[in-house]
Amino acid sequence: MVILPYWQMAMISDWDIGIKAQSVLEKQVNMLLPPLFPLNRSISGSGLRKTLNTLKKITDFDIIEIPSGTKCFDWTIPEEWNVKEAYIEDLKGEKIIDFKKNNLHLVNYSTAQDNIYTFDQLKKHLHTLPNMPDAIPYRTSYYQKSWGFCFAYDDLKKFKKTQKYHVKIDASFRNGSITMGEKKICGKSKKTFLITTYACHPSMANDNLSGLILWILLLKTLSSRKTHYSYKFIIGPETIGAIAFLSKNKKLLKDVIGGFVLATLGGSGKFGYKQTYLGDHLIDSVIKKSFKDLNVDFITYPFDLNGSDERQYSSPFFRIPMASVTKDKYYEYPAYHTSKDDLSFVKSSHIISSLKIYLKIIENLENSKIYISTQPKCEPMLSKRGLYPKIGGSFNPKGIKGNTIYGYDVKEINTIRALLFWSDGESSLEQISQKTGVPITRLFEATKKLENINLLKEVK
Ligand code: ZN
């Protein structure tokens, strides 16, 4: 029997979705998108709760309620917000803007109103996009009590500057909770990756209905497998949810070595990947390899403080490297944070293509080989082990002619030194190959030699 080296074994993977399974998954996504899309999601309230309970039907996870008023580091869990109705009507009772037609019409977390306003008084509460006149913008006011309406710039002509308008917002704030979902997949190793997403955006399909659907599909897939690593799945409102999770899970976090924020994965545009704050972490290396393995083109977005929950997970105390794979990345597509990001913008087949990328990433993480030097305190003495010339001064990397020096293979010396320097128990062979330019096949052969003389051992 021929035993394939591990990097070839990955090619005959059981993590691939077969064509039959793909069409079943696409049907499932098509069934999830329409009912989830219009729910009035926010950082708290019944829309968020209903979203998580709908996802729970696909595969089980724990729902956790964090009460209003709970201190989470420098933040406090806000009051819970729910809306019954919201509209602007003229004094004849003709509704001009109605939350019932599209929940993006109401600024998220608006306070209650039941007043008559002149147009002049009203206009500072109105939000439109003159550059995209038929789109409703998405606006929030979570931490400052305020109210407002969003609508297409084209609809501004429905208002007459000399008239008065009745504004009704039947919204309540109460001591409730924010709702989160969590599930731990325990692998052989305690080392854990976070798989997180945010579920607070109403009526927009790519940002971030696509992310929460991918989250549940990944959770379902991983729940049915035996894994080497452990995976902690987290879903909740953006920012405050991540902060609440981090403040409640200090014990778990010592085993967390990296993670992913699932966001904007269902557009027809190009795949992208936002780097971790380190840029060359195991996760970065595995993402690049996964795109290459699948022969998929992608855009690299460097780490940027604008973005999502990576700001919390990678903050100075935690420093968890987090990356995101995207398909039509947030900020980059014109429909972003508008009513144009609707169900026609995403396709189930795109979400499944993104799922395939994430499964390949997990497969490559699971298959990554990580070694640790047994002599990490300074470099081990190679010459006494017959791995380095005994004649000093002879090794000048710029001046070497030919393949050997005093009978020693120059490439092998370089490979061994690269391995011993970078094998810190965290860098994978793939990363060492990317850092040093030494092909992975040569690194892998050299690990066998170094394991035999007890200079290196595998840590996973
Ligand atoms: Zn967003």
Side-chain angles (χ1 to χ4, degrees), residues 33 36-45 47-48 51-52 55 75 78 81 102-110 127-129 131-132 135-144 148 150 178-181 195-216 234-245 259-269 271-274 299 301 303-314 322-346 350-351 354:
L33 283 166
L36 283 173
F37 181 77
L39 297 179
N40 189 41
R41 277 175 290 278
S42 180
I43 56 170
S44 67
L48 173 63
T51 299
L52 299 194
L55 294 177
W75 296 63
W81 181 72
N102 191 326
N103 48 30
L104 291 177
H105 279 316
L106 184 65
V107 170
N108 212 299
Y109 256 63
S110 280
H127 305 269
T128 61
L129 293 170
N131 295 334
M132 207 189 280
I136 308 166
Y138 164 56
R139 296 288 178 266
T140 66
S141 185
Y142 294 138
Y143 300 104
Q144 188 186 331
C150 306
I178 64 165
T179 311
M180 301 203 47
I195 298 185
T196 78
T197 195
Y198 51 93
C200 50
H201 289 34
S203 299
M204 284 171 294
N206 199 33
D207 186 23
N208 192 30
L209 201 47
S210 64
L212 48 100
I213 289 176
L214 191 68
W215 184 87
I216 198 70
I234 306 149
I235 188 168
E238 200 171 20
T239 309
I240 190 69
I243 293 169
F245 172 80
F260 304 90
V261 180
L262 308 187
T264 54
L265 292 140
S268 57
F271 274 107
Y273 123 75
K274 181 179 173 183
I299 305 165
Y301 298 97
F303 181 77
D304 177 356
L305 285 176
N306 296 305
S308 185
D309 287 332
E310 58 277 11
R311 268 206 311 283
Q312 316 313 329
Y313 293 108
S314 307
M322 302 288 285
S324 291
V325 167
T326 55
K327 193 162 180 342
D328 268 320
K329 184 182 173 288
Y330 52 84
Y331 303 144
E332 303 292 319
Y333 60 102
Y336 166 73
H337 277 192
T338 75
S339 57
K340 296 272 181 190
D341 185 355
D342 61 11
L343 289 178
S344 67
F345 190 85
V346 302
H350 299 323
I351 296 178
S354 298

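One-based numbering, in listed order, for ligands and for the atoms of each. Keep in mind it's a predicted model, so treat the numbers as computed, not measured.
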For Y143 and W75: C-alpha separation, side-chain torsions, deciding distance, then whether ring pair (Phe, Tyr, Trp, His ring centres under 6.0 Å) applies.
CA-CA 10 Å; Y143 300 104; W75 296 63; 5.4 Å; yes
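- Partners of A263 by side-chain contact (heavy atoms from CB on, under 4.5 Å), not counting sequence neighbours, listed by chain and number: Y198, N208, Y330.
- A 4.5 Å side-chain heavy-atom check between M322 and F260 finds every atom pair outside the cut-off.
- Counting only heavy atoms from C-beta outward, the side chains of L48 and I43 never approach each other to under 4.5 Å.
- Any protein N/O/S atom under 2.8 Å from the Zn ion (ligand 1) was counted, giving 3 altogether.
- Y273 OH to S324 OG: the interatomic distance, rounded to the nearest 0.5 Å, is 11.0 Å.
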Stepwise side chain to side chain contact (heavy atoms under 4.5 Å, CB included) test for I195 and I234
CA-CA 6 Å; I195 298 185; I234 306 149; over 6 Å; no
